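Working notes, structure below.
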Amino acid sequence: MKIRKRKTGTVAMLAILLAVLQMQTVNAQSIDDVIEADSKSLQEPGDGEVQSEESGTDIKAESQEDAAGEAGTQGTEASKEGNQNAGSGTADIGSLTGFGNSNTISEGVYIGTIDVSGKTAGEAKQDVEAYVEALKERTVTLHVMDENQIEVAVGDLGFQWTNPDVAQDAVALGKKGNIVQRYKALQDLRYENKVFDLSYDFDKEMIRQIVSERCREYDTEAKDAVLTRVNGVFSVTPGQSGRVVDEEASLNQIYDYMMNEWDFSDASVDMVVKVQEPRGSEEELSQVKDVLGTFTTSYSTSGSSRSANVSNGCSLIAGTTLYPGDEFSTYEAVSPFSVDNGYYMAGSYMNGQVVDSLGGGICQVSTTLYNAVLLSELEVTERHNHSMIVTYVDPSADAAIAESAGKDFKFVNNTEYPIYIDGYCENKNITFTIYGVETRPSNREVTYESEILSVINPDHEIIYTNVAMPIGQVVTQSAHIGYKAQLWKIVKENGVEVSREQINSSSYKMVPRTATVGLSTNDVNAYNEMLAAVATNNIDHVKNVAAALAQFAIPADQAPVEQPPAEQPPAEQPPAEQPPAEQPPAEQSPAEQPPAEEAPAEQPPAE
């Protein structure tokens, strides 16, 4: 016989492990106690460890069966004992799926640089969140060009913790898997700390916004080469290079640094700056000399203020160079509508009436430009008709702009060459001419035709009364005929029509003639006579009666006597505010007035 301690020890170890796995509870306080007890049992050889060389195989198998049977019996007894302890209130650690306290993290465990030993998952998460919030206060300095710099907080870059579930993983360390895996995990902690990654990310859109909004102020934009035209002669002004922050490259620079190189302290990142080259050259712009389209409208009946507004708007547009693909906004070119920008109070359309507003008449500028653009066959991207008809162009050939209504006239240079917009006012005519490189066949002719689809004539009049106005005063608004119309583009080649295309459709309101009549007087008879005239709903009759009763008007420094109720109410109540004096259509202006000495309260122009 030969003693084979090594093999017998292995058999005994396997038997013990099998018994332990069957246990529901154990009395040991940690896995180390279990291993220590197992080691001691292995140092005492049993009867089954001696076997004959001749029958070693049979003896070994028999010993294994005996050991397994004995371990099974011990496991059953241990299970019963554990159940008795739980019933009597004795503290047990439960099954081997969680040695020690299964709700807390083992010693030597970190999340990033945060020691979470002995913490529950919730406590560990709170600690990391507090750390993350502190990191958001760190400063990142963005170095722009010419020694300029911008300081932003890490939190402003959209910094966020992305793996909060790692707290549960920390708790589970040494408590999941089979007994060997759990034992190994806890044994490893004796020699080396376990560090779980603290994962984080940044919001690229927030970074982009910072780069775009805060770094752009240091850009020196390139100045494109432009054309000017003086006395019929073109000249080229060369462009200038610029230096600008490369938004996309700078975004990636910040993101990559913060994700891969940041050490959680204050940081510094250099922005990517690129040279911006100007567009256009003398050779390219010198080709711009062909007339693509020209159009003229008259404002001969306009007063001085409206005429000044038309001339001012024209000058703000004239001299524009547009490169291929550029979009032109008329509103952006002529706004703001203020005294400082050269505008006066003049008649314009608003809510079915002609009212005075800063920049009144500007729509004649946009309309004239619209027709020049149509003849040049440029791409119109936004156009709106007026609310009421205008008389300086055919129906549906107008283009209104109105800040309050969000109306604009926009078009794109859809040619392959730069274009130049020339504009001038002369003898109360406004003209726009668009120059470019003509690529259309010489036998091709483009015209536009207005088609009226329906006409709505005013069939009644409206009279308002105003007790604040002196009797005898009548303020009228002209009627406006309603229209529905559309505009056709007609193309001819060699004088023969080859195409007809509808360009737009327009609808214009019908507005009846209106009048506001004053009733303020101390003479009861005059008051009643005026009301009787209003009841006829005939403005011309009201005006005649008002002229006869003007002598009974109350002087400005005298309070009116309370009047009895009217025998017949007026046709309609007056609006809250007094409407302006009678105006001609928007293309005309009231009696001429010089520029105001003081700026009136600013308001956006109506149509």
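This is a predicted model, so every value here is computed, not measured.
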Which is it for Val245 and Val211 under the side chain to side chain contact (heavy atoms under 4.5 Å, CB included) test, yes or no, and what are the steps along the way? CA-CA 8 Å; Val245 172; Val211 173; 3.9 Å; yes
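- Scanning both residues, Glu382 and Gly406, for their nearest heavy atoms gives OE2-O, 3.8 Å.
- In plain terms, the two heavy atoms of Ile207 and Leu157 that are nearest each other are CG1-O, 3.8 Å.
- Contact annotation: the side chain of Pro278 never approaches that of Lys223 to less than 4.5 Å [non-hydrogen atoms, C-beta and beyond].
- For CD of Glu282, the number of neighbouring non-hydrogen atoms (other residues, nucleotides, ligands) closer than 6.0 Å is 12 at most.
- Salt-bridge annotation for Arg500 and Glu449: present, with a side-chain N of the basic residue lying under 4.0 Å from a carboxylate O of the acidic one.
- Residue Ile471 forms a side chain to side chain contact (heavy atoms under 4.5 Å, CB included) with just one option from Thr521, Val517, Val545, and that option is Thr521.
- Judged purely by atom type and a 3.5 angstrom limit, Asn309 uses its side chain to pair as donor or acceptor with the backbone of Tyr344.
- When only modelled atom types and interatomic distance are considered, Ser396 and Ser450 share no side-chain donor-acceptor pair under 3.5 Å.
- How far CD1 of Ile463 is from OG1 of Thr514: 9.5 Å, rounded to the nearest 0.5 Å.
- Between Glu438 and Arg440, at least one side-chain nitrogen of the basic residue sits less than 4.0 Å from a carboxylate oxygen of the acidic one, meeting the salt-bridge criterion.
- With no hydrogens or angles considered, no side-chain donor-acceptor pair links Gln209 and Arg214 at under 3.5 Å.
- In this model, a donor atom of one side chain and an acceptor atom of the other lie less than 3.5 Å apart for Thr228 and Ser235.
- Judged by distance alone, the side chain of Asp290 and the main-chain N or O of Val437 form no donor-acceptor pair under 3.5 Å.
- Residues Phe159 and Glu133 fail the side-chain proximity criterion, which asks for heavy atoms closer than 4.5 Å.
- Using a 4.5 Å cut-off on side-chain heavy atoms (C-beta onward), Val390 and Val393 make contact.
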Go through Phe432 and Val365 one step at a time and tell me if the side chain to side chain contact (heavy atoms under 4.5 Å, CB included) criterion holds. CA-CA 9 Å; Phe432 279 113; Val365 177; 3.9 Å; yes
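- The neighbour count for Tyr424 OH, taken as heavy atoms of other residues, nucleotides or ligands under 6.0 Å away, does not exceed 12.
- With hydrogens and angles disregarded, no donor-acceptor distance shorter than 3.5 Å links the side chain of Ser250 to the backbone of Glu247.
- Donor-acceptor pairing under 3.5 Å is recorded for the side chains of Tyr331 and Glu403.
- Side chain of Thr367 to main chain of Asp398: no donor-acceptor pair is present (N/O by atom type, distance under 3.5 Å, no hydrogens or angles).
- With salt bridges taken as basic N to acidic carboxylate O contacts below 4.0 Å, one links Arg279 and Asp326.
- No donor-acceptor pair under 3.5 Å is formed between the side chain of Asn427 and the backbone N or O of Asn429.
- Contact annotation: the side chain of Leu549 approaches that of Glu529 to within less than 4.5 Å [non-hydrogen atoms, C-beta and beyond].
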Step by step, would you call Leu374 with Phe295 a side chain to side chain contact (heavy atoms under 4.5 Å, CB included)? CA-CA 10 Å; Leu374 289 179; Phe295 198 79; over 6 Å; no
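- With no hydrogens or angles considered, no side-chain donor-acceptor pair links Ser302 and Ser307 at under 3.5 Å.
- Side-chain atoms of Glu327 and Thr381 form a donor-acceptor pair, as typed in the model, at a separation below 3.5 Å.
- Put simply, the side chain of Thr516 does not reach to within 4.5 Å of the side chain of Val474, judged on heavy atoms.
- Proximity of a side-chain donor or acceptor of Thr330 to a complementary backbone N or O of Ser366 within less than 3.5 Å is not detected.
- Taking OG1 of Thr297 as the start and CG of Leu369 as the end, the distance is 11.0 Å to the nearest 0.5 Å.
- A distance-only check finds a donor-acceptor pair linking the side chain of Asn385 to the backbone of Ser507 [under 3.5 Å].
- Taken from CD in Glu332 to CD1 in Ile317, the straight-line distance is 12.0 Å, to the nearest 0.5 Å.
- By the 4.5 Å heavy-atom criterion applied to side chains, Glu277 and Ser241 are counted as neighbours.
- Summarising the geometry of Ile389 relative to His480, their closest heavy-atom pair is O-ND1, 4.3 Å, with the distance given to 0.1 Å.
- Taking CG of Leu378 as the start and CG of Asn414 as the end, the distance is 5.5 Å to the nearest 0.5 Å.
- A distance-only check finds no donor-acceptor pair linking the side chain of Asp394 to the backbone of Ala397 [under 3.5 Å].
- The number of heavy atoms from other shown groups lying within 6.0 Å of CD (Glu217) is above 12.
- Using the six-membered ring where Trp is involved, Tyr508 and Tyr483 have ring planes that are perpendicular, over 60° apart on the 30 and 60° scheme.
- Between Asp540 and Arg513 there is a salt bridge, since at least one side-chain N of the basic residue sits less than 4.0 Å from a carboxylate O of the acidic one.
- In terms of heavy-atom proximity, Val467 sits nearest to Ser520 at O-CB, 3.2 Å.
- Checked by atom type, the side-chain pair Trp488/Glu451 shows a donor-acceptor distance below 3.5 Å.
- Between Tyr370 and Phe409, the ring planes are perpendicular. Angles over 60° get that label, and only those under 30° would be called parallel.
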Working for side chain to side chain contact (heavy atoms under 4.5 Å, CB included), residues Ile490 and Glu497: CA-CA 7 Å; Ile490 302 169; Glu497 182 176 319; 3.7 Å; yes
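- Contact check on Arg216 versus Glu213 returns no salt bridge, with no Lys/Arg side-chain nitrogen under 4.0 Å from an Asp/Glu carboxylate oxygen.
- Note on ring orientation: taking the six-membered ring where Trp is involved, the planes of Tyr420 and Phe234 are perpendicular (angle over 60°, cut-offs 30° and 60°).
- A donor-acceptor contact under 3.5 angstrom links the side chains of Tyr435 and Arg229, judged on distance only.
- Asn466 places a side-chain N or O within 3.5 Å of a backbone atom of Ala468 that can act as its donor or acceptor partner.
- Ion pair Lys489/Glu377 flagged as a salt bridge, since at least one NZ, NE, NH1 or NH2 atom sits closer than 4.0 Å to an Asp/Glu carboxylate oxygen.
- For Asp408 and Ser329, the side-chain atoms include at least one donor-acceptor pair closer than 3.5 Å.
- To the nearest 0.5 Å, the span separating OG on Ser311 from CD on Glu426 amounts to 11.5 Å.
- Using a 4.5 Å heavy-atom cutoff, the side chains of Leu375 and Leu292 are not in contact.
- Although no hydrogens or angles enter the test, the distance criterion places a donor-acceptor pair under 3.5 Å between the side chain of Thr415 and the main chain of Tyr417.
- Residues Ser506 and Arg383 bring a donor and an acceptor atom of their side chains to less than 3.5 Å of each other.
- When all heavy atoms are compared, the tightest approach of Val542 to Ala533 is CG2-O, 3.3 Å.
- Of all heavy-atom pairs spanning Gly313 and Val334, the tightest one is O-CG1, 3.9 Å.
- In this structure, Met510 and Ile481 have side chains that are not in contact, with every pair of non-hydrogen atoms separated by 4.5 Å or more.
- The CD1 atom of Ile430 sits 11.0 Å away from the OG atom of Ser298 when rounded to the nearest 0.5 Å.
- A donor-acceptor pair shorter than 3.5 Å can be found between the side chains of Asn494 and Asn443.
- A donor-acceptor pair shorter than 3.5 Å cannot be found between the side chains of Asn538 and Thr536.
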